[in-house]
S.K.: 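Below is one structure. I have some questions about it.
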Amino acid sequence: MNFFANGDSPLSLDIIRNELVRLEDSIVFALIERAQFSHNKCIYTKNHFNFENFDGSFLDYFLFDIEKAHAKVRRYTSPDEFPFCKDLPAPVLPPLDFPKILDPLSTFNINDEILSIYINEIVPSITRPDTDDLNYGSSATKDVEALQLLSRRIHFGKFVAEAKFVDPNYHDKYVELIRKKDVDGIEELLTNKAVEERVLRRLRAKALTYGAEIDDSGAPTPAKEPRISPDSLVNLYERFVIPLTKKVEVRYLLERLHEDDSWRGSKRKHDE
C-alpha cells in the first residue's frame, strides 16, 4: 500500500477494499504462474539439497536469501509487510516516517502457518501431486511471489480490524467483547457473509477470465484446460485465506485495548 499518497486515510473502507481487490488479482496471477510447473515436492523437503551451514529446505534457503535482500531496502519496515524469516539484516536506506495506523504493540505474524498451508495444501491443489519436472528454481521463485502476496493479504486483516474498531458505530461493542475475551462474539461482529460470498464469486470469475484464450476478434474464449482450476482457487480462499485473515483480525483486536490511543493522536480511553 502507498502510505504516502494524498487522499483518504489508509483506514478508509474504499482504500481497504481497493487494496484487497488488487491483492486478489495479484494472488490469482501468482498461483497461475506457479501452476505451470510440477509439484516438485523435493524443494520443500528439509535438507534434500545440502547447503553449507544451512538447515532447511531449498525453498527455505531461497526465501531467506530473497528476504535478506528485501530487508536491506526496508521492505519490512512497512506496516503491511511481514517477513517469513528471522535474523534479517538492517535496511541500508534511511527509515521512513509511516503514518501511525496500527497498534504499535501488534507485531505478531502468522507466516509459519501460512507457509505450512501453502506447502501442504495449496501447492498440491494447483499442481499434479508428486510430479517433478526439475524446474526447482522457477518453482521456488513463483512460490516466494505467491507466499509474499498471501501474507500481505492475510495480515491486511490488521487494517480491517483497526478500521472496524475505530468505527464509532461499533467501537463500544468491540471494547465490550474484547474485555470479555469473547472470541466468538468478536468473530461474529467482524463477519460479513454477503461480502465473503461476493469475494468468492469474483474469484471464480477471475479464474475463468484470466485463464481464457483471446480469439482473433479480441473476445475471450474458455481455455480447453484452465490455467488454474476455479474450484481450487475458490476453495483455497474459502478454507484458508478468509479464515486466516479473520484469525489475524480477532487476535489483533484481543490485544488492542490499552490505556489510551495517544500513539495515533487520539485521547480516547478504554478503561472507563
Side-chain angles (χ1 to χ4, degrees), residues 1 3 8-21 23-24 76 78-84 86 98-118 121 150-200 203 234-272:
M1 179 190 289
F3 292 99
D8 294 336
S9 161
L11 292 180
S12 155
L13 290 178
D14 284 341
I15 287 181
I16 289 174
R17 188 179 303 111
N18 289 340
E19 187 68 17
L20 291 176
V21 171
L23 283 168
E24 248 175 51
Y76 303 112
S78 178
D80 62 342
E81 294 283 1
F82 297 87
F84 285 83
K86 298 178 175 61
F98 288 100
K100 295 176 175 59
I101 302 166
L102 299 179
D103 178 0
L105 299 181
S106 178
T107 59
F108 75 88
N109 78 58
I110 62 168
N111 277 338
D112 285 348
E113 187 172 359
I114 293 170
L115 179 61
S116 176
I117 288 173
Y118 179 80
E121 301 285 351
L150 287 165
S151 174
R152 283 192 64 222
R153 167 59 174 83
I154 289 164
H155 288 102
F156 212 80
K158 293 189 178 188
F159 291 88
V160 175
E162 181 67 23
K164 293 185 176 183
F165 178 79
V166 299
D167 184 337
N169 294 318
Y170 297 99
H171 175 75
D172 290 345
K173 184 61 177 178
Y174 276 116
V175 170
E176 176 189 341
L177 293 170
I178 293 167
R179 285 204 184 109
K180 293 178 179 177
K181 301 189 184 303
D182 185 348
V183 172
D184 291 339
I186 294 171
E187 184 169 332
E188 183 178 356
L189 190 57
L190 286 167
T191 299
N192 187 326
K193 280 293 184 185
V195 170
E196 291 179 6
E197 289 169 4
R198 189 158 61 245
V199 167
L200 297 178
L203 279 164
V234 169
N235 182 59
L236 76 87
Y237 249 75
E238 192 169 24
R239 288 183 58 204
F240 306 120
V241 176
I242 291 175
L244 287 175
T245 303
K246 208 170 294 183
K247 180 176 183 176
V248 167
E249 293 172 3
V250 170
R251 179 170 172 181
Y252 177 87
L253 289 173
L254 286 172
E255 300 174 0
R256 179 61 179 79
L257 290 188
H258 309 300
E259 185 174 344
D260 62 58
D261 279 346
S262 58
W263 55 269
R264 68 192 319 269
S266 168
K267 298 300 182 182
R268 172 183 281 157
K269 299 278 186 179
H270 301 305
D271 56 350
E272 294 92 349

S.K.: Can you name the nearest heavy-atom pair linking Thr191 to Glu187, along with the distance?
M.R.: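 Looking at all heavy atoms of both residues, the shortest contact is OG1-O, 2.6 Å.
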S.K.: Is Leu244 close to Val248 at the side-chain level, that is, under 4.5 Å between some pair of heavy atoms?
M.R.: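 Heavy-atom side-chain distance check fails, nothing below 4.5 Å.
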S.K.: Which residue is it: Glu162, Lys158, Lys247? I am looking for the one with a side-chain hydrogen bond (donor to acceptor under 3.5 Å, both in side chains) to Tyr252.
M.R.: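 That would be Glu162.
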S.K.: Does atom OH (Tyr170) have a neighbourhood of more than 12 heavy atoms from anything else shown, all under 6.0 Å?
M.R.: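 Counting neighbours around OH of Tyr170, 12 or fewer heavy atoms of other residues, nucleotides or ligands fall under 6.0 Å, so no.
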S.K.: Measuring from Glu197:CD to Glu238:CD, what's the distance to the nearest 0.5 Å?
M.R.: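 One gets 9.0 Å once the value is rounded to the nearest 0.5 Å.
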S.K.: Just wondering, do Ile242 and Leu200 contact through their side chains at under 4.5 Å, heavy atoms?
M.R.: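 Of all side-chain heavy-atom pairs linking Ile242 with Leu200, at least one is under 4.5 Å.
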S.K.: Indicate the atoms forming the closest heavy-atom contact of Leu11 with Ala163, along with that distance.
M.R.: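 So the minimum-distance heavy-atom pair works out to O-CB, 3.7 Å.
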S.K.: Got a salt bridge between Glu196 and Lys193, using NZ or NE/NH1/NH2 to carboxylate O under 4.0 Å?
M.R.: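 So Glu196 pairs with Lys193 through a salt bridge.
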S.K.: Please check: side-chain N/O of Ser116 versus main-chain N/O of Asp112, any donor-acceptor pairing under 3.5 Å?
M.R.: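 It does not hold such a pair.
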S.K.: Give a yes/no verdict on a cation-pi contact between Arg152 and Phe82, requiring under 6.0 Å between NZ or CZ and the six-membered ring centre and an angle within 45° of the axis.
M.R.: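 No, a cation-pi geometry is absent between Arg152 and Phe82.
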S.K.: Just by distance, with hydrogens left out, do Asp80 and Ser78 show a side-chain donor and acceptor under 3.5 Å apart?
M.R.: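 Per modelled atom types, Asp80 and Ser78 side chains form a pair under 3.5 Å.
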S.K.: So do the side chains of Tyr237 and Glu24 get within less than 4.5 Å of each other, counting heavy atoms only?
M.R.: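 Side-chain contact under 4.5 Å: yes.
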S.K.: Give, for atom CZ of Phe84 and atom CG of Leu115, the distance between the pair rounded to the nearest 0.5 Å.
M.R.: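 So the gap between those two atoms works out to 6.0 Å.
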S.K.: With a 3.5 Å distance limit and no angle check, can you tell me whether His171 reaches the backbone of Val166 through a side-chain donor-acceptor pair?
M.R.: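 No; judged by distance alone, with no hydrogens or angles, the pair does not exist.
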S.K.: Distance-only, no hydrogens or angles: does the His155 side chain make a donor-acceptor pair with backbone N or O of Phe108 under 3.5 Å?
M.R.: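 Pair absent, no side-chain N/O of His155 close to backbone of Phe108.
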S.K.: Can you tell me how far the CD atom of Glu249 sits from the CG atom of Leu189, to the nearest 0.5 Å?
M.R.: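 Between atom CD of Glu249 and atom CG of Leu189 there are 11.0 Å.
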S.K.: Roughly how far, to the nearest 0.5 Å, is OG1 of Thr245 from CG of Leu190?
M.R.: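 Going from the CG atom of Leu190 to the OG1 atom of Thr245 covers 11.5 Å.
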S.K.: Within 45° of the six-membered ring axis of Phe159 and under 6.0 Å from that ring's centre, is NZ or CZ of Lys164 located there?
M.R.: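 The answer is no; the distance or angle limit is not met.
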S.K.: Between CG of Leu177 and CG of Leu254, what distance do you get to the nearest 0.5 Å?
M.R.: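 Reported value, rounded in 0.5 Å steps: 9.5 Å.
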S.K.: Would you please test Phe156 and Ile16 for side chain to side chain contact (heavy atoms under 4.5 Å, CB included) and show each step?
M.R.: CA-CA 9 Å; Phe156 212 80; Ile16 289 174; 3.9 Å; yes
S.K.: Just verifying a value: how many Å separate Ile178 CD1 and Leu253 CG, rounded to the nearest 0.5 Å?
M.R.: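 Answer for the CD1-CG pair, Ile178 versus Leu253, is 5.0 Å.
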S.K.: Would you sort out whether Glu255 and Leu105 count as a side chain to side chain contact (heavy atoms under 4.5 Å, CB included), showing the intermediate values?
M.R.: CA-CA 8 Å; Glu255 300 174 0; Leu105 299 181; over 6 Å; no
S.K.: Are the side chain of Asn111 and the backbone N or O of Ile114 linked by a donor-acceptor pair below 3.5 Å?
M.R.: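 Checking the backbone N and O of Ile114 against the side chain of Asn111, no donor-acceptor pair under 3.5 Å is found.
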